[in-house]
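Worksheet for the structure shown next.
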Amino acid sequence: MKKDLVKIIEDALKTLGIETPPHIEIEIPQKESFGDMATPVAMALSAIVKKPPRKIAEEIINSIKDKTVFEKIDIAGPGFINFTFSKKYLYSELKNLIQDKSRFLRYDIGKDKRVQIEFVSANPTGPLHLGHGRGAATGAALSNLLEAASYKVEREFYINDAGKQVKLLGLSVFARYQQMLGIEYPFPEEGYRGGYIEEIANAIMKEEGGKYLQKGFDEVSDFFTDYSYKMMLSDIRKDLTDFNIIFDTWQSERELYNKGDVEKAIDDLKTKGFIYEKDGAIWFKATSFGDDKDRVIIKQDGEYTYFTSDIAYHRQKVEKKYDELIDIWGADHHGYIPRVKAVIEALGYPKEKLKVLLVQMVTLLRGGKPVQMSKRAGEFITLREVIDEVGADTTKFIFLTRRPDSHLEFDLEAAKAQSSENPVFYVQYANARINSIFTHAKEKDINTDNLYDTNLGLLSSNEELRIVRKLLTYPMIFEGAVNAHEPHRITFYLQELSGMFHPYYNKYRVITEESEMSRARLALCEAIRIVLLDGLEILDVNAPEKM
RNA sequence: GCGCCUGUAGCUCAGUAGGACAGAGCAACUGCCUUCUAAGCAGUGGGUCAGGGGUUCGAAUCCCUUCAGGCGCGCCA
């Protein structure tokens, strides 16, 4: 629909001899009385052509050769051109939608470009919390969205299984283990204190018994560390699976060390001249690429920093020939962006190659009061607990009805209390009702095949035409969401579409004695279902047939 | 002190590359189930878009500034 219109306007401008602007803006007017689509292009051109906007608008309209797809074209306000499509055009577009949804629903925006999206990447030192859930929902939806727009998407989870934190996890488990055997082993100051530490210690006890009693941690640290983080990681995988989030690749940080990638990365930067020594440490010259400080990559004690393996990690990403790299991080890591981008530039790639999408913090509330969470004391609500309490679909939908950069207040009580009036159910319910209509149609022996081949012209009520128009704007919403990397636009659209279906359902009966009318309305329902299912699939939200 | 994000209806949030009288859901109040699922529908009220300047034909949207909240400024990860 939009493509057709853009073409028409371009042609008109060509006839007028006006140079076509790079982006012809088409918008869906807020008011339905302003027509189906509008363009402010005449106003934008006013300064260039040096004519009043309304005059230009008039000329554009006069230069449109074929006006049959329009019912009317108006000039409004300061110089908007408002287009109202003819019913005939709307019906033919609706028919296309039902007949060939795969072609109609979306544009080939990605053109098979390769994109890697890295998200969640939680340290395997504890269970996933709500913030990870938000990153997971956002990353999965963005991946699906881009994939639907014919990008080749790879979803990656980066496992921080090297370094101090996992070792500390191992030590925490070791300490609990010793304590369980009655030894007064000092618990590490910064250790992990959650209940899951005991669970791991228990698991070890069950499998290995007390054979590590009285051993020094140094002797058994590899065993405890590996056992602990692997168990954590498998919990994380399970949580993600239950949250319906799938990853294509799991990249291990250890592997980067073991394969020598970290050293290679350092050598590479050294050759390029961005490495130097100072105060007994080795530094990367991040300031040469806009970071405020140079960054240590090998400490005085000879250990690498977290950043060092991240250099290797991003080097590997950049060299894998993706057309686009997207990292989804919690907003608390925003200060980290300049140094990673500095690495990319230092390696000789444009820093635009990497896009970092920040997902803002989630505040967990219960009945309007903040839930105290202290990582230190091991008191925090996990993603699993939230899913168990309010459901995966509801949780995801709440995440996806917000912009990623808005701070999110997640109220457990509200999410639960609203469960019967929650927006996600509203959308799912629309789909369930449509399924129910189709079941009913079968009982009445109404043919539900080839619904595109019906007299769609019978869909002439205001409600029906509004729905048709809404359906036809879906590709535009989709395109906007893809380009902006904003899956939440789909969420809002689905709510609006459902908000048109339910009143319609209430006012009109689809299955009646008039079989031709019944089939026309079934066709409309089918179109709504197609779009709802498409949107829900992108959001990774289930669409139950019955509710 | 510096940097990033946010401030829109009582609450939670949208507002599409500045555009047409500011939107939705919840909550509140009033009605609607012998007819395809009432997790639904119909109706009512509710806003100096944090404050102040500026740019523009036009600003919730861009710039400056003040205030408020969150987050970050390690040889931690």
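Within every chain, numbering begins at 1; the chains are lettered A, B, ... in the order of the sequence lines, protein sequences first and strands thereafter.
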Look at all strands and tell whether [X] reaches a base, only sugar-phosphate, or nothing, counting heavy atoms closer than 4.0 Å.
X: A:N160; value: nothing
X: A:K31; value: base
X: A:N82; value: base

Using a cut-off of under 3.5 Å, enumerate the N/O to N/O pairs linking the protein to nucleotides 16-18 of chain B.
from	atom 1	to	atom 2	distance (Å)
B:U16	O2'	A:R489	NH1	3.0
B:U16	O4	A:I28	O	3.3
B:A17	N7	A:H23	ND1	3.4
B:A17	N7	A:H23	NE2	3.1
B:A17	N6	A:H23	NE2	3.1

[atom1] atom, [N] versus [M]: distance in rounded Å?
N: B:G25; M: B:U34; atom1: C1'; result: 33 Å
N: B:G19; M: B:C75; atom1: P; result: 45 Å
N: B:G51; M: B:G47; atom1: P; result: 14 Å
N: B:U56; M: B:G31; atom1: C1'; result: 49 Å
N: B:C2; M: B:G40; atom1: P; result: 50 Å
N: B:U12; M: B:G58; atom1: C1'; result: 31 Å
N: B:A59; M: B:G1; atom1: C1'; result: 32 Å

Is any NZ, NE, NH1 or NH2 atom of the basic residue among [X] and [Y] found under 4.0 Å from an Asp or Glu carboxylate oxygen of the other?
X: A:K164; Y: A:E303; answer: no
X: A:E389; Y: A:R366; answer: yes
X: A:K341; Y: A:E352; answer: no

Pairing partner (Watson-Crick or G-U wobble, both distances under 3.5 angstrom) of [N]:
N: B:U48; result: none
N: B:G7; result: B:C67
N: B:G31; result: B:C41

Aro-ring/base stack A:F80-B:G19, d under 5.5 Å, angle under 30°: no
Residue pair A:E253, A:S309: steps toward the side chain to side chain donor-acceptor pair (under 3.5 Å) verdict: CA-CA 7 Å; A:E253 182 186 3; A:S309 54; 2.6 Å; yes
Base-contact (B) and sugar-phosphate-only (S) positions in nucleotides 68-76 of chain B, heavy-atom cut-off under 4.0 Å, - elsewhere: -BBBSSSBS
A:N506 (side chain) and B:A42 (base): donor-acceptor pair under 3.5 Å: no
When the aromatic ring centroids of [X] and [Y] are compared, is their separation below 6.0 Å?
X: A:F410; Y: A:F399; answer: yes
X: A:F397; Y: A:F425; answer: no
X: A:Y313; Y: A:Y158; answer: yes

Would you indicate which nucleotide in [options] comes nearest to any side-chain atom of [X]?
X: A:A38; options: B:C36, B:A20, B:A39; answer: B:A20
X: A:H488; options: B:A39, B:A14, B:U12; answer: B:A14
X: A:Y505; options: B:G15, B:G19, B:A38; answer: B:A38

For B:C33, glycosidic torsion class - syn if within 90° of 0, otherwise anti: syn
Listed partners of A:E463 passing side chain to side chain contact (heavy atoms under 4.5 Å, CB included), at least two apart: A:S461, A:Y504, A:K507, A:Y508
Among A:N542, A:N422, A:D393, side chain to side chain donor-acceptor pair (under 3.5 Å) partner for A:Q428: A:D393
Tabulated below should be each protein N or O lying under 3.5 Å from an N or O of nucleotides 24-30 of chain B; please produce it.
from	atom 1	to	atom 2	distance (Å)
B:A27	OP1	A:E421	OE1	2.9

Position toward the 5' end of RNA chain B (nearest nucleotide), A:S33 or A:M547: A:S33
Polar side chain donor-acceptor pair, A:Q251 to A:E118, under 3.5 angstrom: no
Qualifying side chain to side chain donor-acceptor pair (under 3.5 Å) pairs, either residue in residues 492-502 of chain A, two or more places apart: A:R433-A:H502, A:K470-A:E496
Which residues share a side-chain hydrogen bond (donor to acceptor under 3.5 Å, both in side chains) with A:N258, sequence neighbours left out: none
Aromatic A:Y229 / basic A:R254 pairing, under 6.0 angstrom, 45° off normal: no
